[in-house]
Amino acid sequence: MIKVGMPRGLFYYDYYLLWESFFKKLDIEVVTSIRTNKDILDLGIKSCVDEACLPIKIYHGHVEYLKDKVDYIFIPKYVRLHKREYNCPKHLGIVDMINNSVDNLPILISPKITINDIDDFKDTMYSVGRDLKKNKKEIKEAYRYAINSFNKQDEWIRKEIIPFMDNKITRSDRIKILVLGHPYNIYDNFLNMEILDKLYDKGIDVITVNDVDEIEYRLYSNNNMKRIFWTQGRKIVGAAYSQIENYKVDGIIYISAFGCGLDSVLIYLVEQKSHCNNIPFMSMIFDEQTGEAGFNTRIEAFLDMMKWRSESENNFSTLR
Ligand code: SF4
């Protein structure tokens with residue numbers, strides 16, 4: 001049976017179920033790299049250029065891990081996922097970066113994805129299926145199966161990636177925090193030092209951008225002087241604005257990675273909006289160091305500040 005490797009990084013957290021179901025239905029075995037750990041990070045640091053952001057380095061590590069175990073590695077180039085929007089330039093360049101940095105690669109399956117909505121995946125999937133020498137009937141069935149499975153992507157995130165949140169008990173007396181960031185930052189437990197679990201263990205109700213409805217975040221993302229043209233940017237800013245303007249959360253933590261150009265803009269927008277609405281905000285920028293002490297202290301300080309504010313001392317600064 002043909003084996004296709006799926007690196008556990010970047011758009012894995014958005015489209016894994018779509019592609020995994022597609023390949024599975026075509027009788028292709030999907031081999032997903034293990035969860036990120038120190039070895040994956042070290043592999044990525046060794047092969048990737050120094051200037052890249054942390055998620056790109058981690059992605060290189062996942063490709064290094066898979067390269068000797070599979071016949072193909074699936075690395076799509078996600079250029080556009082919505083009308084008049086684009087992805088980060090590093091997503092656009094990921095195939096070329098991998099090709100130039102990782103030695104002894106198997107064949108890459110790297111379709112260019114420039115679509116306006118989910119229905120447009122049809123052409124891309126048909127072309128991937130043909131490249132794998134599958135016939136039209138098989139591809140058609142696999143495509144339908146994949147689209148149906150994709151409807152369960154959010155459910156899959158809750159069950160497979162953050163199972164503790166699937167069973168969480170929401171209580172009105174608990175502090176509610178919105179954890180913002182790109183999916184590969186907030187759902188990669190190694191990269192973010194398990195922030196979601198840590199907050200939950202401290203009795204916080206955690207929500208993420210995936211808890212905000214698409215119509216709602218798109219609507220609120222327009223509340224800017226200038227239209228945001230990054231798909232992830234619209235999602236992050238729109239989700240934040242909807243929660244802040246309606247006072248649905250008590251605080252916001254933004255998880256970012258060192259070297260992220262987009263976040264330098266997005267953090268500023270969310271921070272300003274939080275400040276104007278008197279909602280506590282903190283950003284945390286992760287890099288290659290893995291010591292947790294400073295990180296834990298910052299979370300504790302932020303939660304203490306929120307607690308004091310809730311006990312009527314609301315003259316505390318909402319920033320950091
Ligand atoms: S959006 Fe930021 S973190 Fe993501 S790939 Fe681009 S630069 Fe890296």
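Order of listing sets the numbers, starting from 1, for every ligand and every atom in it.
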Pairing of Lys235 and Glu85 as salt bridge, 4.0 angstrom limit: no
Protein N, O or S atoms under 2.8 Å from atom 4 (Fe) of ligand 1: 1
Whether over 12 other heavy atoms sit under 6.0 Å from Lys140 NZ: no
More than 12 heavy atoms of other groups within 6.0 Å of Arg227 CZ: yes
ILVMFWY clustering at 4.5 Å (side-chain atoms), partners of Val79: Tyr86, Leu92
Where at least one partner belongs to residues 2-31, residue pairs that pass salt bridge (Lys or Arg N to Asp or Glu O under 4.0 Å), sequence neighbours excluded: none
Contact list for residues 64-73, test salt bridge (Lys or Arg N to Asp or Glu O under 4.0 Å), sequence neighbours left out: Glu64-Lys67
